[in-house]
Structures are given as C-alpha cells and as structure tokens.
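One structure is given below, encoded as structure tokens.
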Amino acid sequence: MVKWGLPLMNAASAPPPIIRTAWFRAGLVVGGAGWLALVWSALCTVPGVPWNPARLSASFALARGLPFYALRDSGAHLGWFYGPVTPLWYLPVALTDNPTLALVLAGVINLVTMLAPFALVLAAAGVARGRALGGATLVAGVLLAGDHTHWAAYYFVHVDIVCLALGAAGCVALHRATVTGNARWLHAAALGAVLAFWAKVLALPLFLAMPWWLWREGRGRLVRPLLFWFLVYGGAVSAGFFAWFGTEEILFNVWLIHARNPFYLWAQGDRLPGALVEHLGLAVAFAAVWIALAGWAWCDARQDRDAPKLPERAGSLVRLLCWVALAELPLGMIAPLKSGGTLGSLHSVSWLFMAAMVWFWHRWSRPARGWGGGLTAGVFALAMVVSAVRAQWDTREFPGEWKLYRGLEADLAQARENQGKIYFPWNPMLTIISERRVYPLDDALYCLALAGLEPPPEKIRAAVPPGALMVYHENAQSHFAARYFVPPPAAANPPKP
C-alpha cells in the first residue's frame, strides 16, 4: 500500500548511506593514510623508547623461568606492580632473543589490543559487519590517534589497553548472553572481568556495573548466576596466580605499593579540587575531536527526526558501556592523582569512546538525504583529517623514528661481551637475555622509595656485580639507581687511629 503525498522509492533509487558519499570516503582515505604513517613510525620507534623494554622485562623473565615479583628485602626489582595477566599477554614476544624483533612484535600486539575492543563492540551491536566492520575499526583507530591519551598506546607498551580489551570482551559476552538467552556466555563474561582485574585493579568496578546493567535491563534472573561465576572464576584464577607467583609477592607488588604510593598533590601543595579540574580539563581537551563529533551527531539527530533510532540490540550494549564508564570514573580519577599516575588510567574515556563509535556508525550508515547528509559526511572528513594531523603533531614529545631503531641490538652485543661487568638500569631485559639474571630497574627503586618501601641499600648493591659499569641512555626518565652505587664522600674530619 502506497500513501499519497510520498514518493515511491525502491532500493535502487534510495539515497546511499553517508559512508558511501565522496566526502566520507575522502576523509577515510586522508585519515587512513595519516594513520598508516603513524603506525609505521610507531613500529619503528617502539624499540627506541626506554620505557618499553623495561615494561617487557617481566615477560622475558617469565619466559626464562625468572621471578618478576620481588619482596622488599630483595634488591632485584623489575618494577612490575600489576597483576600477572599482562606479562602473559605479551609472552609471545619473549620467544626471541632479538630485542628489535621483540619490541616490534610488542608494537603489533599493542595495536591489535587497542583496536580489538572497538571491533568486538561494533560487531556485537550489529551496526557493522564484513568490510564495514574493518572500515569502522579503521575509523576508530584514526580517531583514537587524535586523542593524546590513546595516541600514547601506539608508542608505549602498557597495561591499560590489555585491561580494557579483556573487560570489553567480558561485556560483549554478557550482552551476548542476554541477546541469545544462552547462559553459557556468562562463563566468558565472568572470566573476562576477572582477567581484566588481574591485568589492572582499576577494572574492579566491572563486578558492580555488569550485574547492575542486567538488573536495569530487566534481566535480573541472570544476576545470581553471573555473581556465582564471578566467585568461581575469581577464586580459581586468583588461587592459581597465588600458587604460581606467591601470595606474599603478589600482595606486596599489586596492592601494598599502590596503597602506600603518595598523592602527588600533597607533595606539591596542590589542592584536590584544582587537581581534579586540571585532569578533567586535559581529558576533555584530548578528546576534543570525539566531543565535536558527538555534538554534531546529536544536533543532526535532533534535526532529522525521521532517522531510525539506535536498534535495541545496539542500544542495550551502549547502555552497558556507559554504566561501566560511570562505575569506573571514581577510581579512574584517583589513579592520575597518585605519584606516577597518568590519564591513561581514566578508563571511563575509553568506554565512552566505544559507546560513541556504535552510535556514530549507526548514524553514518543511514541514507544521506540532501545537503544534511553531505554536511555530516564533510564533518566526519574534517574530523578524520584533524585526528591524523593531531597524531603527527603529538610526536613532538619525543623524536619519532621513520627507520627501524636497532640500537638495542648493539646494547645486547655489549651486554653479552661484558657479562657481569655492565648494568643497564633502564633496560633489565638485556641482562635477562644475556645473563638469565634480573638486575634492578631504576624506576622500580624510585617507586619503592617514594612509597616508603625502599629495599635495604646493601641488597640493591648485592643484586649488581661489584664494579659493574652503569649505562644510562638518554632520554632515561631518571638516574635514581645511581645513588646506590656512588661511593659515599670521605668524612671531613676522619677519626684518628
């Protein structure tokens, strides 16, 4: 039946989706080209960033049967103050003794780990499939590169993206359980949340947000079995990790050090409200492109009241992501206020970005009607270009490489030729490869001292061969370890015999 006053329209004459417009494709090509350049530069640069081999040292120690957790009375600290999931996640890179290859592989794992949650969420929401899913994930990668906090994930190996990936997998599995009615997905949901927690404690709010979402969605019958599997998998995984790595070692490194770590604002005399405003301001500034796109999409939705609303399947998943973002906000705001904390711990931003991508792609997949559709595609194209430019601009923080950095291979050769005679305070990975021995990491000693848990100096010196040459490559973050190996000054008035 055809209503009078409306043009008869079939599939062939319907306007194409916004994602097929010339503006959209132009933005995707320009932004994608900039993104590929960023990825190439990142993979070339990753081996030259001092923080990365320090972070991968735990995986190399694990692969070679060496401990990466140490108690206070030990001097051989690798500074791994998180759960054991991330060293296991990056364990494949430790199968090689070539440090350059290992770091490049870590960069690839980094990239996949960062983008996987967006692909999972988009697919689970049903707004992108097949080639469209690949395009949507590429868009997410470009937009993430324009956000300074997420841009760092291209160059630095860190824990947060592993925590987010596992948490997102758990949420997608929980959503799947409600969509299909198959309670077996609760196993994956519970396991994902438990592993996310053991990647970083900041995932703790998942255990509150996921049952709360079930109750709000009218799926209260699944709350009890979900809580049961939380206990089962949480107990089993925790017991396994405690037995494998040591209960005292895990509690000291994963809990006590963070509990004793001081708030930087107290040390600097800053006030809490001002520090919170500063961090929130930075988060908003970094996410400017996302916020601008969200504002435009909202205005566009208000103008086009005939546009189809977000399907219930996608809407329920978006609500889950938003509840998780809200639940994680308090801990996410506290973590950057601790000494050494960064905005990377503000996981709420990442959860909101995932929800935003579902909404964006749904809007962009609708027919492009008239000038409104073209303008929306133009705004998207501008956002992609701005994100690519911002990503390149942010590389001013340190010189990005465009040719693969291979300096670690020379350092490893030096370490092998001088076993027991050389000490790299910012690269214990080299000694683990060459000597199968753990030397203390500079940053670990600094963090322990800052938390009031400084190991006995004689234990630190005993962890390094006497007279070993200390080698710091600039741009090392600090030279804190040197204080333990510099001879004390002679007394001004030595006592008479």
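Positions are given from 1 along the sequence.
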Taking Trp359 for its side chain and Gly315 for its backbone only, find out whether a donor-acceptor pair lies under 3.5 Å.
no

Residues Trp402 and Trp40: closest non-hydrogen pair is O-NE1, 3.1 Å

Distance check, rounded to the nearest 0.5 Å: Leu103 atom CG versus Thr45 atom OG1?
11.0 Å

Side chains of Val121 and Val172: closer than 4.5 Å at any heavy-atom pair?
yes

Could you tell me the separation between the CH2 atom of Trp229 and the CG atom of Leu186, rounded to the nearest 0.5 Å?
9.0 Å

Ignoring hydrogens and angles, tell me if any N or O in the side chain of Ser387 forms a donor-acceptor pair with the backbone of Ala383 under 3.5 Å.
yes

Nearest heavy-atom pair of Ala288 and Arg390: which atoms, and what distance?
CB-NH1, 3.8 Å

According to the interplanar angle, ranging from 0 to 90°, do the rings of Phe24 and Trp364 count as parallel (below 30°), tilted (30 to 60°) or perpendicular (above 60°)?
perpendicular

Side-chain donor/acceptor of Trp35 to backbone N/O of Leu138, under 3.5 Å
no

Would a 4.5 Å heavy-atom cut-off, applied to side chains only, mark Tyr155 and Leu38 as touching?
yes

Side chain proximity check, Leu346 to Glu328, heavy atoms < 4.5 angstrom
no

With the side chain counted from C-beta on, respond yes when Ser478 and Asp443 share a heavy-atom pair under 4.5 Å apart, and no when they do not.
no

Worked verdict on Phe241 versus Val254 for side-chain contact (heavy atoms from CB on, under 4.5 Å)
CA-CA 12 Å; Phe241 284 155; Val254 178; over 6 Å; no

Sorted by first residue and then second, give each side chain to side chain donor-acceptor pair (under 3.5 Å) pair with at least one member in residues 311-325; sequence neighbours left out.
His175-Ser316, Glu217-Arg319, Glu312-Arg319

Once rounded to the nearest 0.5 Å, what's the spacing between atom CG of Leu122 and atom CH2 of Trp361?
8.5 Å

Looking only at non-hydrogen atoms, find the nearest pair between His150 and Ser350 and report the distance.
NE2-OG, 2.7 Å

Measure the NE2-SG distance between His158 and Cys163 for me, rounded to the nearest 0.5 Å.
11.0 Å

Test: side chain to side chain donor-acceptor pair (under 3.5 Å). Region: residues 127-140. Which pairs qualify, not counting sequence neighbours?
none

Describe, in one word, how the ring planes of Phe81 and His258 are oriented to each other, choosing from parallel (under 30°), tilted (30 to 60°) and perpendicular (over 60°).
perpendicular

Compare every heavy atom of Ser59 with every heavy atom of Leu91, then report the nearest pair and how far apart it is.
CD1-O, 3.6 Å

Mutual orientation of the aromatic rings belonging to Trp198 and Phe242 [parallel < 30°, tilted 30-60°, perpendicular > 60°]:
perpendicular

Please round to the nearest 0.5 Å and tell me the distance separating atom CG of Leu448 and atom CZ of Arg260.
10.5 Å

Smallest separation among heavy atoms of Trp80 and Tyr69, with atom names
O-CE2, 3.3 Å

Would you say Ile19 and Phe380 make side-chain contact, with heavy atoms under 4.5 Å?
no

Check: His347 and Leu164 side chains under 4.5 Å, non-hydrogen atoms:
yes

Donor-acceptor under 3.5 Å (Ser41 side chain, Glu401 main chain):
yes

Parallel, tilted or perpendicular: rings of Phe207 and Phe230 (30°, 60°):
perpendicular

Taking C-beta and beyond as the side chain, do Leu105 and Pro92 meet within less than 4.5 Å on heavy atoms?
no

Ring-ring centroid check Phe68 Phe60, cutoff 6.0 Å:
no

Dump the intermediate steps for side-chain contact (heavy atoms from CB on, under 4.5 Å) on Asp160 and Ser345, then the final yes or no.
CA-CA 7 Å; Asp160 298 277; Ser345 296; 4.1 Å; yes

Kindly compute the distance separating CE (Met429) from CG (Asn52), expressed to the nearest 0.5 Å.
9.5 Å

Side-chain contact test, heavy atoms from C-beta onward, threshold under 4.5 Å: evaluate it for Thr178 versus Trp213 and give yes or no.
yes

Residue pairs passing the side chain to side chain donor-acceptor pair (under 3.5 Å) test where at least one lies in residues 104-117, sequence neighbours excluded:
Trp89-Thr113, Tyr90-Asn110

Do you know which two heavy atoms are closest between Asp147 and Ala287, and how far apart they sit?
OD1-N, 3.2 Å

Working note: Val324 + Cys171, criterion side-chain contact (heavy atoms from CB on, under 4.5 Å); need CA distance, chi angles, decisive distance, verdict.
CA-CA 9 Å; Val324 173; Cys171 287; 4.0 Å; yes

For Lys200 and Thr86, test the side chains for any donor-to-acceptor distance below 3.5 angstrom and give the result as yes or no.
no

Under the side-chain contact (heavy atoms from CB on, under 4.5 Å) criterion, do Val39 and Tyr154 qualify, and how do the steps go?
CA-CA 7 Å; Val39 169; Tyr154 285 91; 4.1 Å; yes

